[in-house]
Amino acid sequence: MKGIMCGCFVMKSRYVIGNGSLATDYTYETSISDSYNYIKLVRPNRATNQGDVIVAYDPEAEKAWGRIQYYAKVDEALNDAQIKEQAKQLLNYYCQRKRTLKVKALGVPDIQAGAMVMMDIPDLGDIRLTKMLLIDKCTHHISSNSWTMDLEMRVVNG
C-alpha cells in the first residue's frame with residue numbers, strides 16, 4: 001500500500017503496532033536539547049553599520065524552559081515581511097519538545113525505515129498515541145527460531 005507524503009512515495013504498513021499488537025516493549029523520551037523558544041534573526045544594514053533585528057518567541061515556553069535562543073544572520077536582500085515569516089517558521093519548527101519512541105516488536109517483513117506504521121499505545125507518558133508514524137530506524141533480528149525488530153520513530157505534535 002503506498003501513499004504520498006511531501007511529494008514522494010511512502011510505504012504504509014497494514015499492521016498496527018502497540019499494546020497487544022506486535023509490540024513487546026517500548027520506551028518514550030522527551031528532550032528540549034535541540035529546541036529553541038526565542039528566534040533572533042539579524043539582517044546586515046550597510047547604511048547604519050548595524051544589524052536590523054527581527055525576533056519571534058514563545059513566552060509560555062520561555063517561562064517553562066528559560067530562554068533558549070537561536071541566532072542567525074539573514075540575507076540583506078530579504079525584506080521585513082520575509083524575515084518575520086522565516087522567524088515564525090523557525091519558531092514553529094524548533095519550539096517543541098523532541099519526542100522519541102523506541103519499540104521492540106515481533107518481526108514483520110514490510111516494516112522498514114522510511115515506512116509509515118500505525119502506532120496504538122494508549123498511555124505514553126504525557127500523550128495518548130494512536131496515529132501513523134514515520135519509522136526513522138528499523139533493525140530486524142532474525143535467528144533460526146525468532147524474528148524481532150527494533151523501531152525508532154519521532155512523535156510530532158499535531
Show your working on salt bridge (Lys or Arg N to Asp or Glu O under 4.0 Å) between Arg43 and Asp80 and close with a plain yes or no. CA-CA 9 Å; Arg43 175 184 55 213; Asp80 284 354; 2.7 Å; yes
Which pair of non-hydrogen atoms, one from Met149 and one from Leu106, has the smallest distance, and what is that distance? CE-O, 3.2 Å
Could you pull out the closest heavy-atom pair between Tyr15 and Ile111, with the gap in Å? CB-CD1, 4.4 Å
Minimal heavy-atom distance between Ile17 and Ala23, with the atoms involved, is CG2-CB, 4.0 Å
According to the ring-ring contact (aromatic ring centres under 6.0 Å, His included) rule, which pairs have a member within residues 82-123, sequence neighbours left out? Tyr36-Tyr94, Tyr70-Tyr94
What is the distance from atom OH of Tyr38 to atom CZ of Arg67, rounded to the nearest 0.5 Å? 4.0 Å
Correct closest heavy-atom pair for Cys138 and Leu151 would be SG-CD2, 3.4 Å
Does the side chain of Asp120 come under 3.5 Å of the side chain of Thr130 through a donor N or O and an acceptor N or O? yes
Sequence neighbours excluded, which residues qualify as side chain to side chain donor-acceptor pair (under 3.5 Å) partners of Asp136? Arg154
Apply the test salt bridge (Lys or Arg N to Asp or Glu O under 4.0 Å) to residues Arg14 and Asp110: give CA-CA distance (whole Å), side-chain angles for both, the deciding distance (0.1 Å), then the verdict. CA-CA 9 Å; Arg14 64 182 184 269; Asp110 68 339; 3.8 Å; yes
Criterion salt bridge (Lys or Arg N to Asp or Glu O under 4.0 Å) on Arg46 and Glu76, from CA distance to verdict: CA-CA 9 Å; Arg46 291 182 194 190; Glu76 62 185 282; 3.1 Å; yes
Would you name the heavy atoms of Lys137 and Thr139 that are closest together and state the gap between them? CE-OG1, 4.1 Å
Qualifying salt bridge (Lys or Arg N to Asp or Glu O under 4.0 Å) pairs with a residue from residues 82-92, counting only residues at least two apart or across chains: none
Leu101 side, atom CG; Met153 side, atom CE - distance, nearest 0.5 Å: 4.5 Å
Compare all side-chain heavy atoms of Ser31 with those of Glu29 and state whether any distance is below 4.5 angstrom. no
Residues Asn37, Asp58; criterion side chain to side chain donor-acceptor pair (under 3.5 Å); working and verdict: CA-CA 6 Å; Asn37 55 24; Asp58 182 327; over 6 Å; no
